[in-house]
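For reference, the structure discussed in these notes is given below.
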Amino acid sequence: MRLTRTWHLSDARQSLVLASFADRLPEVVYWGPPLPESEHIETLAEAAAMDVTGGMIDANAPVSLNPEASRTFPGQTGLIARNAAGQPLAPSFSFKSETASEHGHTLVFTDSNLGLSLSFDLTLTPDTSLLKLQTRLDSTTAIQVEWLAAPVLPAPAHLDEMIEFSGRWCSEFLTRRLPFAPGARLRDNRTGRTDHAHFPGLIVCGAETRNTRGEAYAFHYGWSGGHRMVAEELADGRRQVQFGHASASMARGQRFQTAPLYAAYSPEGLNGAAVLFQRHARDHIVTGARTPRPVHYNCWEAIYFDHKLDELKSIASRAADLGAERFVLDDGWFGKRDDDTSSLGDWVIDHRKYPDGLTPLIDHVKALGLEFGIWFEPEMINENSDLYRTHPDWVLGPAEQIRGRQQLVLDMAREDVRAYLHDRIADILANNNIGYIKWDHNRVLPVIDSTQSEGVYALLDRLRTGFPHVEIESCASGGGRIDFGILERTQRVWLSDSNDALERQRIQHDAALFLPASVTGSHVGPRHCHTSGRVLDIGIRAWTAAQRHMGFEMDPRELTEDEAATLRQVTGWWKANRDWMMQADILRLDSSDPAVIAEQQLSEDGARFAVFAAQIRTSDQILPHPLRLTGLNPEATYSITLTNRDDASRLSRGAPLLKQTDLEASGQYLMSHGLTLPWRFPQTIWVLEGRRL
Ligand code: DGJ
């Protein structure tokens, strides 16, 4: 078939080449390492055309940006839609127009018989080298869309595995490696929110791909309402990756748009893709984040619903003494909320608990030099609330539905609901000195509908316009709503309700495949962890929080003097390093010991780094394996300090060099042989700092 057009998005890291034959929908004919300037793109597009043989139809239906049923595509199509009469639509699109955008193209294809127009926005962000791809469908008549894929990308035949994300409450971002095999791997998240179990990401890689080596193609769908993903291998051997909104979440109408699909190619292992996502989230998605990132204190696990002004003041004083710079008043300050059965929706200060309003507490917190933050769960309503008694009709979904944490959901598509919430929240913000909101969302939705997330986005956007100085944290029972869609409107995520440092090591390690340290909240929990029952030493608890945006979440009055001294010291260390660490790349290390989770945070200029090596459990072998670093200049010499060498136990009886003194060694040695660390107890951590000499 005649080649009519090509497009090339390219930078120093990757090239994406698209071709349209006979003016039909474009297909990706190359995606991988950057092509040389001399490459003849048209030839390459022609060269990618595959043969035809027996056992198939007489042409290859392309894996286009939206594979079409009308072309007898042998796999999942990119669009499933019906006309007003309920008949399936099988459009056949052809080229209409193209517009160059700043860093890419908008391509428009139409089917004039059906009155449909399909637009693709394709950009490659120059500094972070992340592809941002979005599809829009316009119809001249009202239609029902069951499925619309963001621009569909091929996956290469030589990479045989995929890494998927599942999880649960207190165990977000669980990764699983699966074979990329014939047939379709489907994820359809019908919870109406991003959810703990469905982070919308995928990595296609080789069996040999590790954090620091091998090829990887990574994808993330930036949407908070639940996604659908199809990773499919066709009988002819070709593969496609589709992302879009969860099934049936799009309504009847004339305009439909996917969220952006972000994608990256990496020849440098999982880390190569992870740093592009981390940097893009930090530098392009999140806006308005306070710098330096303030040390956070959250009172939830100290008091739960038991709010007493004097207690809170003494907690705030103690938190400030330990180094906190922000104090967040969690659930329980409003309505008559003494437990989780009532008052959601009644966003007025509870005068039983706060007879003089929040001002006495806020004044106390401000006098300590801390910012004041407050908790809301705006999208929710309890039946036992004044709001429900006045507006039972504002509830989303049928009257007979299963409750979640005894609560129902407000219909955020309604203008009046959004206006009410805006006014209540704005009133609290305008009349109190508040710099921060923790925005919670503690249940799945009773029905899925994209207008719910669009409504939340609109409310957040309006509040941010009115109160640009207020930072917002996205929380949904921990990490139930973490995605680039919500992060465009918030500055921090509460990664997990698990404050168990060992569990958190795993969760934050895997979340770093997409999230930078600056947005990832991590708190020092109580000695006796509330969600796991484990008792952990302050050392591992404090250093684990210090790996991300640090905070505390316990009753700080429970700390012994020794524990307080350790926490003060680690917090001081974090403050001294946060300027560069919150801008650093998190590089996951390939620990050869499965009992050790390790990462290296490398500064933007490569001149300094911190290594965190957590001994999650006892190793199978007697002595620690050397820990190989990454991302260093092999020629350069680095000086390395074991920051917490005083934590060595008496069972470390030998004299490894780092236990005594600093090490000077080449990047080559550090990356090839690795660091020889002292023996340590399980549930402890080594922290090292390195500088290029
Ligand atoms: C769930 C959150 O994840 C917790 O941190 C806390 O804010 C509670 N909700 C409050 O109800």
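When a ligand or atom number is given, it counts from 1 through the structure's own listing order. Just so you know, these numbers come straight off a predicted model, no measurement behind them.
The residue from Asp350, Asp346, Asn384, Asn382 that alone fulfils the side-chain hydrogen bond (donor to acceptor under 3.5 Å, both in side chains) condition with Arg337 is Asn382.
In this structure, a donor-acceptor pair under 3.5 Å is present between the side chains of Gln407 and Glu377. When only modelled atom types and interatomic distance are considered, Thr341 and Gln406 share no side-chain donor-acceptor pair under 3.5 Å. Residues Tyr457 and Ser224 have side chains that bring a donor and an acceptor to within less than 3.5 angstrom of each other. Side chains of Arg527 and Thr560: a donor-acceptor N/O pair is absent below 3.5 angstrom, by distance only. Remark: the Asn189 side chain and the Thr191 side chain contain an N/O donor-acceptor pair separated by less than 3.5 Å.
The protein heavy-atom contact nearest to atom 7 (O) of ligand 1 is Asp330 OD1, 2.7 Å. In terms of protein heavy-atom proximity, atom 2 (C) of ligand 1 is nearest to Asp440 OD2, 3.3 Å.
Taking every non-hydrogen atom of Asn442 and a distance limit under 4.0 Å, the qualifying atoms of ligand 1 come out as 1 (C), 9 (N). Less than 4.0 angstrom separates some heavy atom of Cys475 from each of these atoms of ligand 1: 2 (C), 3 (O). Interface of Ser477 with ligand 1, defined as ligand atoms under 4.0 Å from a residue heavy atom, comprises 1 (C), 3 (O). Listed by atom number, the atoms of ligand 1 under 4.0 Å from Lys438 heavy atoms are 4 (C), 5 (O), 6 (C), 7 (O). Contact atoms of ligand 1 toward Asp497: 1 (C), 2 (C), 3 (O), 4 (C), 5 (O) (distance under 4.0 Å to a heavy atom of the residue).
Contact analysis puts Arg405 in contact with ligand 1, with a non-hydrogen atom separation below 4.0 angstrom.
Among the atoms of Asp331, some N or O lies under 3.5 angstrom from an N or O of ligand 1. On a distance-only criterion, Gly478 and ligand 1 share at least one N/O pair closer than 3.5 Å. For ligand 1, the polar-atom distance check finds an N/O of Trp375 within less than 3.5 Å of one of the ligand's N/O atoms.
The aromatic rings of Phe327 and Tyr297 sit parallel, their planes meeting at an angle under 30°, below the 60° perpendicular limit.
Checked against the 6.0 Å centroid threshold, Phe305 and Trp300 count as a close aromatic pair.
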